[in-house]
Protein chains: 2
Amino acid sequence: MADVAGQLAGISLFSGLLPAQYEALSRIGVKRSFLKGERIFSEGDEGTGFYVVCGGRVKIFKISTEGKEQILHLCGPGESFGEVSVFTGQGFPADAVAALPSTVLFFPRVAFSSLIRQDPALALNMMAQLSERLRQFAGLIEDLSLKEVPGRLAKYLLYLGGREGNGTVDLDVSKGQLAALLGTIPETLSRILAKLNRRGLIRSRGAQIRILDRRGLEEIALEGKRLP
Amino acid sequence: MADVAGQLAGISLFSGLLPAQYEALSRIGVKRSFLKGERIFSEGDEGTGFYVVCGGRVKIFKISTEGKEQILHLCGPGESFGEVSVFTGQGFPADAVAALPSTVLFFPRVAFSSLIRQDPALALNMMAQLSERLRQFAGLIEDLSLKEVPGRLAKYLLYLGGREGNGTVDLDVSKGQLAALLGTIPETLSRILAKLNRRGLIRSRGAQIRILDRRGLEEIALEGKRLP
DNA sequence: CGGAAGATTGATCAGTTTCAAGCTCCGTGG
DNA sequence: CCACGGAGCTTGAAACTGATCAATCTTCCG
């Protein structure tokens, strides 16, 4: 299991632990693989443990009765998901599907819980992780309730673009998935991209988007409503 | 400080602790009072600790540049808020004001953090608390993104009504605040209440609402979109 | 090359917000 | 005690955003 222990080192949830703890973790962690599109768990499933992404990407989402999907989070390598069920005992609050071929580590609830009990550092890491997710969710709620789609899209593009000035970014998800991430549908996303193009704020071709007017995007991202 | 220690017993975050721990908590907790409408902290403020509500009610919310408000949570006695900043070190992610005259206990970050480090039970309680909040947020995101206002209102009314059949419930917030809780504005809420009245699903007069057709409300609450 | 999935575009529509006006309730002060 | 005044609530008309439906176009694999 040395190979598992090696991977644990890069996971923020497990940072700062002693070698003995990595050893313990690697004993209880189980590696699982999922094909692209394969379901990892469904909302309401009994939570028997939580997951850490080793490779690939896992989509956590809610889906309405009419089929519209809202992505809560896209988990990349090193990120964990399903922690909530470890502590509340209830079922998972959302669905999880592999957005890419993915490998994950599964940590059974009971075993992990007893590890946490013994190691304050691990507990603190877990609390930090939960807090960070809570902060992200608060931001998503704010966006959904207080901003319109152009604002959310602009914010996302700026996020992809990083701190630098104008430049080209690559969408790391399909446009359909980006729409679900932004809480809208592909048609609307397409229209708004077209509008941003027309206004000269961006130049998009396929998944490549060049940010032409960072300042302009920031304006749209900041204002809650109404395009000026 | 015996009076503080006594209050701690009723707080789920602190359930199952030893008397010595209550003693320790009561030493670091500071009681603070706020008038109705008084601000407890603002988004971005440095998080120097977290709070537990003793009496009254505290509103946690986000506000857009145009002034629209989205309530993230209404904290009643026994509930905690501002925990996120204890662990992430960043500023508070939202605003907090007293919705009623309120008294709270403030626990400074550093002191509390060291308590947690010493007591696995306290740490587990805290994780359960954070997880539960995360679950609530996931539900709110789902509602905002996948349901329309009638659905959210119906769900809220059913929640107030509890498990029982038809009956009369009392809104525990003003209609303006209820609108902010549901992610809409007072006008829209008013119209939808009127519509539910017309359809014979409820009978509302002021803050009193009698649920006439529970089944019908459930239908509206479940479907993501479009009234039938 | 064919075809299916994804992406774009157009027309229409439902739901929500905005703006504006009136109403109701309630506390205050004359 | 009543009248005033204001905050909160309700209602109406119009504007707007985003969703839906439908058709077309693109892409990119088999």
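Chain identifiers are assigned alphabetically (A, B, ...) following the order of the sequence lines, protein sequences preceding nucleic acid strands; residue numbering begins at 1 within each chain.
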Write down the distance between NZ (B/Lys68) and P (C/dC19), rounded to a whole number of angstrom. 14 Å
Who pairs with A/Phe137 by ring-ring contact (aromatic ring centres under 6.0 Å, His included), at least two apart in sequence or on another chain? none
How many Å lie between CZ on B/Arg205 and P on D/dG8, as a whole number? 22 Å
From CG of B/Leu193 across to P of C/dG15 the rounded distance in Å is 17 Å
Calculate the interatomic distance between A/Ile185 atom CD1 and D/dA22 atom C1'; express it in whole Å. 13 Å
Starting from the C-alpha separation in whole Å, work towards a yes-or-no answer on side chain to side chain contact (heavy atoms under 4.5 Å, CB included) for B/Val104 and B/Val58. CA-CA 9 Å; B/Val104 302; B/Val58 174; 4.2 Å; yes
Sorted by first residue and then second, give each side-chain hydrogen bond (donor to acceptor under 3.5 Å, both in side chains) pair with at least one member in residues 95-109 of chain B; sequence neighbours left out. B/Arg39-B/Asp95
Would you say B/Leu181 and B/Leu74 make side-chain contact, with heavy atoms under 4.5 Å? yes
Whole-Å distance separating the NZ atom of A/Lys36 from the C1' atom of D/dC29: 13 Å
All N/O contacts under 3.5 Å from nucleotides 10-12 of chain C to the protein, with atom names and distances to one decimal?
{"residue": "C/dG10", "atom": "N7", "partner": "A/Arg191", "partner atom": "NH1", "Å": "2.9"}
{"residue": "C/dG10", "atom": "O6", "partner": "A/Arg191", "partner atom": "NH2", "Å": "3.0"}
{"residue": "C/dA11", "atom": "N6", "partner": "A/Arg191", "partner atom": "NH2", "Å": "3.3"}

Would you call B/Lys59 and B/Glu69 a salt bridge, using N to O less than 4.0 angstrom? yes
Within residues 173-182 of chain A, the residues having a heavy atom closer than 4.0 Å to DNA chain D are none
Rounded to whole Å, how long is the line connecting atom CG of A/Asn197 with atom P of C/dT8? 10 Å
Using a 4.5 Å cut-off on heavy atoms from C-beta on, say whether the side chain of A/Leu201 contacts that of A/Leu212. no
Heavy-atom pair with the smallest gap, counting every atom of B/Asp172 and B/Arg57: O-NH1, 3.0 Å
Should the pair B/Phe41 and B/Phe81 be assigned to parallel (<30°), tilted (30 to 60°) or perpendicular (>60°) ring geometry? tilted
In whole angstroms, how far is the C1' atom of D/dT10 from the CG atom of B/Leu196? 15 Å
Bend angle of the helix from C/dC1-D/dG30 to C/dG30-D/dC1, from helix axes over five pairs at each end, nearest 10°: 30°
Is there a donor-acceptor contact under 3.5 Å linking the side chains of A/Ser80 and A/Glu83? yes
For DNA chain C, whose closest nucleotide is more 5', that of A/Leu189 or that of B/Gly183? A/Leu189
Looking at the side chain of B/Thr188, which of D/dT11, D/dA19, C/dT16 is the nearest nucleotide? C/dT16
Could you pull out all residues at least two apart from A/Phe106 that satisfy ring-ring contact (aromatic ring centres under 6.0 Å, His included)? A/Tyr51
Spacing between A/Lys195 atom NZ and C/dT8 atom P, to the nearest angstrom: 15 Å
Salt bridge present between A/Glu218 and A/Arg214 (N-O < 4.0 angstrom): yes
